[in-house]
Student: 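Sending over a structure as structure tokens; questions will come in a sec.
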Amino acid sequence: MSTLDFLQPDPTTLFEQVAQAGIQGMGGGGFSTARKLRLAWQAKATRVIANAVECEPGINVDAALLAEHSPEVVQGLNIVMTAIGATQGVLAFAADFPKSTIKMLCQQFENQADREPDADSFAANQPSLSCTPITRTAGAGAERHLCQQLFGLSLEPTQYPIDRGVLCLNVGTLFAIQQAIVLGKPLRQRLVTVNGDTNWVSLGTPFADLLTLEEQPGAKTTRRYREGGHYTGKLSPPKAVVTAATNAVWLVEPATQTPCTYCSRCSDACPEALAPQTLHRLCTQPQVGAPSTQASPQSLSESALEANGLSRCTECGLCNNLCPSNIDLLGSFQQAKAQAREQALADARAHRAKQRHERHVSRTQARAQIALQRRESRRESRRLKQRGPDAWR
Amino acid sequence: MPGANPTDLATATLPPKARSAHLLWWVNLALLPGIAVMVFTLGTAYLWQLAIAGALAVSIESACLLARGQSVRLALDGSAVVTALLIGISLPPGVSLWVLSLAVLGGVGLAKQLFGGLGHNLFNPAMVGYALVLVSFPAELAVWPADAITGATPLDIISHRQSQTFTEAVSSEQFGNWGGLPWQWINLAFLAGGCVLLVLRLARWRVVAGVLLALGAAAALTYDAGSSLSNGSPLYHWFTGATMLTAFFVATDPVTHPQSTRGQWLFGALVGLLIFVIRAYGSYPDGAAFAVLLANAAAPSLDHWTLTKTKDEPEAEDKHEDVA
């Protein structure tokens with residue numbers, strides 16, 4: 001990796017290096033950080049949020065990172081702000097972090113603010129840095145909620161923070177950027193809360209190997225793991241591994257699935273006011289007159305799923321966590337969505353093929369028509385020749 | 001959770017979760033007050049009847065699950081016992097064993113397991129079993145104990161009171177006050193048990209309210225202050241026959257009622273209305289079973305009509321252009 005002057009980084013080189021280091025959003029989204037930075041640079045974002053508001057119980061990685069590595073995080077924030085030309089940087093952290101961490105953070109930011117401006121930098125462009133405690137409530141750490149709370153920006157449902165000049169990065173991502181740019185270290189490990197203990201874990205570690213040190217009930221193969229916090233965490237597939245977006249892993253007791261009793265606990269809780277029990281029935285029960293005929297572009301069950309609002313499901317996983325019958329509702333929705341996407345792609349392919357075929361047919365017909373006309377005219381002229389020149393008279 | 005230590009939050013274990021089997025056993029428990037009053041007023045034959053029905057239901061369910069290659073442990077999830085208890089309660093005490101067996105077989109075997117087991121039945125299993133024997137053996141089911149009252153249930157008294165006015169019939173010694181002697185207490189007990197279901201959110205209150213309001217409204221609209229042709233006051237209809245049992249325990253079977261909130265209102269109202277119509281104008285003294293079964297048949301349509309519509313999707317042609 002080539003060296004880069006990280007005090008005055010060239011944006012494109014920086015983005016390239018971030019991409020090379022394999023950095024992804026580490027707050028849980030897992031979006032490519034290089035792309036996000038490039039988008040923010042192109043949109044001329046002026047504000048950067050370093051997000052350390054862990055708003056879900058069961059995750060403790062941001063607090064642990066700031067307790068140990070807040071100088072590196074602040075340096076990462078500085079690098080990003082200088083690269084994209086932002087003027088305001090805010091570290092948003094949960095108000096109930098340990099007092100020692102908060103005190104240290106405040107000192108850190110005072111030092112940054114007090115630092116003498118460089119002689120050649122303009123006062124107007126001098127970035128301002130601050131830190132703000134955020135009360136930990138459900139959803140408080142989401143980008144949109146932070147934009148609202150820190151800057152009073154209320155985003156339209158279709159807008160992203162970048163559309164309003166705000167770049168929001170997790171502190172873990174900023175730390176990874178600092179490590180990559182300053183020390184040349186690619187992203188190879190991250191902090192993960194494993195059954196309540198937060199430790200550095202190499203990316204790619206199977207969940208099954210995370211908990212080997214602890215006494216665990218059940219055979220290793222039958223154990224199930226949940227990824228994420230207690231509110232919206234999801235049951236992981238059996239062979240899941242730690243990725244850049246893994247913030248917490250919990251060992252769960254294997255639960256047996258029993259039939260749905262339509263108790264409506266899921267539909268009472270659904271934030272999108274959907275009826276997960278009905279959607280699940282439509283997803284899992286074979287429908288009469290479904291796909292085999294291909295007569296209609298959309299099968300019966302698919303249109304019924306659409307009518308019941310499957311596409312409005314945000315996959316928050318609340319229904320799974322509430323289901324008394326331990327049904328994997330979310331899994332069936334994700335599968336149905338994937339099938340619908342595939343179906344849409346296949347339909348589009350078929351539609352294009354049909355159009356292509358129609359064009360081909362019309363072309364062939366036109367060509368045949370022309371050939372026929374030519375033949376006709378040739379035959380005509382030949383006939384005229386055979387009659388000889390006298391024929392004209 | 002302001003002020004809490006993040007370490008506490010991080011190590012907090014998963015919140016305790018309800019279990020389907022526990023929920024279904026709670027329904028059985030909520031039936032107990034009503035059963036106790038029935039045993040007290042109508043005789044201990046009821047206890048035997050309920051026990052036999054329960055054992056039969058569990059064994060039929062186990063056999064069906066075995067035949068379908070599923071875990072036999074599902075037979076003890078409480079749903080078969082609920083069906084058995086509801087059938088046992090509906091049949092008169094001391095009914096022949098084979099009638100009872102046929103009702104349980106029809107309920108658990110036919111209406112539930114043949115349709116795919118728990119959660120897949122279209123009709124309330126208990127009411128299918130009861131209706132099966134009610135239409136097949138009406139004479140067997142018309143014999144109610146003769147020790148406390150003279151053989152007839154309050155609904156029979158009101159149906160066959162000839163020239164007596166409603167007020168006279170109701171105020172007679174053997175009848176009681178509002179719903180007929182043992183039945184008003186039985187209904188009160190089921191009302192109490194039903195409130196437990198509402199508190200535990202095991203029954204949707206909209207269905208219960210729909211049944212009771214529609215029944216009350218229909219009775220109030222046709223009530224003519226107690227003449228000889230009167231159909232009875234709302235209070236009488238609420239506290240007689242199987243009203244409370246139907247409203248709280250039968251109509252609220254979540255598998256067979258609509259899932260949308262408006263659908264649940266309509267479903268409850270339909271049940272209440274049909275109960276009144278069958279009681280007042282039909283040839284059966286009580287119509288709860290038929291009312292519930294008819295409304296069950298309407299449930300999928302009610303769900304379909306009351307679906308919350310999503311925004312209009314672009315036409316299929318546009319979609320193809322987008323993907324291309």
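First the proteins, then the strands, lettered A, B, ... as listed; each starts at 1.
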Student: With a 4.5 angstrom heavy-atom cut-off, could you sort out which part of His120(B) is near chain A: side chain, backbone, both or neither?
Tutor: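 The side chain, not the backbone.
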
Student: So how far is it from Asp253(B) CG to Tyr262(A) OH, rounded to the nearest 0.5 Å?
Tutor: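 The OH atom of Tyr262(A) is 11.0 Å from CG of Asp253(B), to the nearest 0.5 Å.
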
Student: Mind checking the CG-SG spacing from Leu200(B) to Cys263(A)? Nearest 0.5 Å is all I need.
Tutor: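 Answer for the CG-SG pair, Leu200(B) versus Cys263(A), is 12.5 Å.
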
Student: Which value, rounded to the nearest 0.5 Å, describes the distance between Thr258(A) atom OG1 and Arg73(B) atom CZ?
Tutor: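 Nearest 0.5 Å value for the OG1-CZ distance: 10.5 Å.
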
Student: Would you mind reporting whether Ser79(B) and Thr261(A) have side-chain heavy atoms less than 4.5 Å apart?
Tutor: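 Of all side-chain heavy-atom pairs linking Ser79(B) with Thr261(A), none is under 4.5 Å.
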
Student: Is Arg201(B) close to chain A through its backbone or its side chain, or both, or neither, when contacts mean heavy atoms under 4.5 Å?
Tutor: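 The answer is both parts of Arg201(B).
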
Student: So for Thr278(A), is it side chain, backbone, both, or neither that comes closer than 4.5 Å to the heavy atoms of chain B?
Tutor: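 For Thr278(A), the side chain is the part near chain B, not the backbone.
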
Student: So, taking the atom named CG in Leu23(B) and the one named OG in Ser325(A), what distance separates them when rounded to the nearest 0.5 Å?
Tutor: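 So the CG of Leu23(B) and the OG of Ser325(A) are separated by 8.0 Å.
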
Student: Which atom names give the shortest non-hydrogen contact between Leu118(B) and Pro259(A), and what distance separates them?
Tutor: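 Residues Leu118(B) and Pro259(A), closest heavy atoms: O-CB, 3.4 Å.
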
Student: Is the number of heavy atoms from other residues, nucleotides or ligands within 6.0 Å of CH2 (Trp26(B)) greater than 12?
Tutor: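 At most 12 heavy atoms, drawn from other residues, nucleotides or ligands, come within 6.0 Å of this atom.
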
Student: For chain B, which candidate among Ser264(A), Ala275(A), Ser267(A) shows the most heavy-atom pairs at distances under 4.5 Å?
Tutor: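 Looking at each of Ser264(A), Ala275(A), Ser267(A) in turn, Ser264(A) comes out on top.
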
